[in-house]
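Note: hydrogens, waters and symmetry copies are ignored here, and every other heavy atom, side chains too, is used.
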Amino acid sequence: MKKLMTILACAAALAATGALAADGAKHKTPQQEKMAACNKEAEGKKGDERKAFMSTCLSSKTADAKSAAQHEKTKSCSKQAAGKKGDEHKAFMKDCLAHQA
């Protein structure tokens, strides 16, 4: 009976670990997403060419550039929204950020 309970406990633990691993696979970090994108772009490259490409691709600052651009948009809209408060400010910012290029 003890062996059966031990086996069932181990099976339950393994099943829970598998479920957690499957759930974790659904949520990729930005670095994992970047790695997947770079791998896709590197198809056909081999050896040193692939290493050099992957190094450049993974160290690129594209995400940081997007963040900086968004920050500049927000800063610009905030200046234009001077004097607005509450819902009026919120609505103006939403519209402004949606129409900034």
Please check if the number of heavy atoms outside [X] that lie under 6.0 Å from its [atom1] is greater than 12.
X	atom1	value
Met54	CE	yes
Lys90	NZ	no
Lys94	NZ	no

Side chain to side chain contact (heavy atoms under 4.5 Å, CB included) between Lys34 and Thr29, worked out: CA-CA 9 Å; Lys34 194 173 193 179; Thr29 65; over 6 Å; no
Between [X] and [Y], which heavy-atom pair has the shortest distance, and what is it?
X	Y	result
Met93	Thr74	CE-O, 3.9 Å
Cys38	Phe53	O-CE2, 3.5 Å
His27	Gln32	O-OE1, 4.0 Å

Interatomic spacing from [atom1] in [X] to [atom2] in [Y] - rounded to 0.5 Å:
X	Y	atom1	atom2	answer
His71	Ser76	NE2	OG	11.5 Å
Cys57	Lys40	SG	NZ	13.0 Å
Glu72	Cys77	CD	SG	11.0 Å
Lys51	Thr56	NZ	OG1	13.5 Å
Lys73	Ser78	NZ	OG	13.5 Å
Cys96	Lys79	SG	NZ	12.5 Å

Full working for side chain to side chain contact (heavy atoms under 4.5 Å, CB included) between Asn39 and Arg50: CA-CA 9 Å; Asn39 269 327; Arg50 181 181 172 79; 2.7 Å; yes
